[in-house]
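Start at 1 with the first residue, then count along the sequence. Note: hydrogens, waters and symmetry copies are ignored here, and every other heavy atom, side chains too, is used.
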Amino acid sequence: MKTIESINLIYRDPKLRGGRPCIVGAGLRVMDIVMEQQYGEREPESIAALYEIPISEVYASLAYYHQHKNEIDSDIQRDDDYIRRVKAETVGPQSD
């Protein structure tokens, strides 16, 4: 008989971090790891060193991202839109 193993390194709590998926025990959002890889152009090993977390947690976050890509990408876009809006209101329009 086959046994399907589960790695329980990602959690959600509606009361923490906006209910976004996070790494258990670290409080880092999955999207934080994804943004470091995509926009910071960092390798998983350097992300683990940056946040002082085990490499397994970085890979778990990336695996979770690929299973929930549309949702995480939408969260990233919403955060980016919010930051641009706040900057425009407090600093004025910025050119890209």
Side-chain angles (χ1 to χ4, degrees):
M1 183 170 108
K2 293 182 185 177
T3 300
I4 298 175
E5 298 292 337
S6 176
I7 299 174
N8 297 316
L9 296 175
I10 307 297
Y11 77 99
R12 286 178 182 263
D13 183 338
K15 297 177 185 175
L16 299 172
R17 310 289 266 161
R20 292 184 172 147
C22 296
I23 298 171
V24 171
L28 286 168
R29 299 171 302 178
V30 168
M31 64 186 271
D32 296 326
I33 302 300
V34 171
M35 289 188 301
E36 282 296 334
Q37 184 185 46
Q38 291 182 352
Y39 305 116
E41 299 180 4
R42 294 181 188 267
E43 295 298 320
E45 293 78 8
S46 66
I47 296 170
L50 175 69
Y51 289 115
E52 299 178 347
I53 60 175
I55 189 75
S56 60
E57 293 177 1
V58 174
Y59 281 114
S61 296
L62 295 173
Y64 185 93
Y65 166 69
H66 288 288
Q67 287 184 321
H68 302 89
K69 188 176 184 325
N70 290 338
E71 174 191 352
I72 305 293
D73 286 345
S74 293
D75 286 344
I76 291 170
Q77 186 61 55
R78 273 193 296 278
D79 272 14
D80 188 49
D81 292 345
Y82 173 77
I83 290 168
R84 288 177 194 269
R85 217 173 26 256
V86 168
K87 280 184 179 179
E89 292 170 3
T90 58
V91 179
Q94 301 289 311
S95 60
D96 289 326

Minimum heavy-atom distance L62-P44, with the two atoms named:
CD1-CG, 4.2 Å
Note: G19 and R12 closest approach over all heavy atoms is O-NH1, 3.1 Å
Straight-line distance of [X] [atom1] to [Y] [atom2], nearest 0.5 Å:
X	Y	atom1	atom2	answer
R78	D73	CZ	CG	10.5 Å
S46	E41	OG	CD	11.0 Å
R20	D75	CZ	CG	4.0 Å
D80	R85	CG	CZ	10.5 Å
L28	I53	CG	CD1	5.5 Å

Membership question, hydrophobic clusters at under 4.5 Å side-chain separation (ILVMFWY): are [Y] and [X] in the same one?
X	Y	value
I47	L9	no
V24	I10	no
I7	I72	no
Y64	V34	yes

Report, as yes or no, whether the 6.0 Å neighbourhood of atom CD1 on I55 holds more than 12 heavy atoms from other residues, nucleotides or ligands.
yes
Whether over 12 other heavy atoms sit under 6.0 Å from E71 CD:
yes
I would like to know whether I76 and Y39 meet side-chain contact (heavy atoms from CB on, under 4.5 Å); could you show each step before the answer?
CA-CA 11 Å; I76 291 170; Y39 305 116; 4.0 Å; yes
Between Y51 and E36, does the side-chain contact (heavy atoms from CB on, under 4.5 Å) criterion hold? Intermediate values first, please.
CA-CA 10 Å; Y51 289 115; E36 282 296 334; 3.4 Å; yes
Is there a donor-acceptor pair closer than 3.5 Å between any side-chain N or O of R17 and the backbone N or O of G27?
yes
What's the verdict on side-chain contact (heavy atoms from CB on, under 4.5 Å) for V58 and R42, showing C-alpha distance, side-chain angles and the deciding distance?
CA-CA 11 Å; V58 174; R42 294 181 188 267; over 6 Å; no
State, without any angle test, whether Q77 and D81 hold a side-chain donor-acceptor pair at a distance under 3.5 Å.
yes
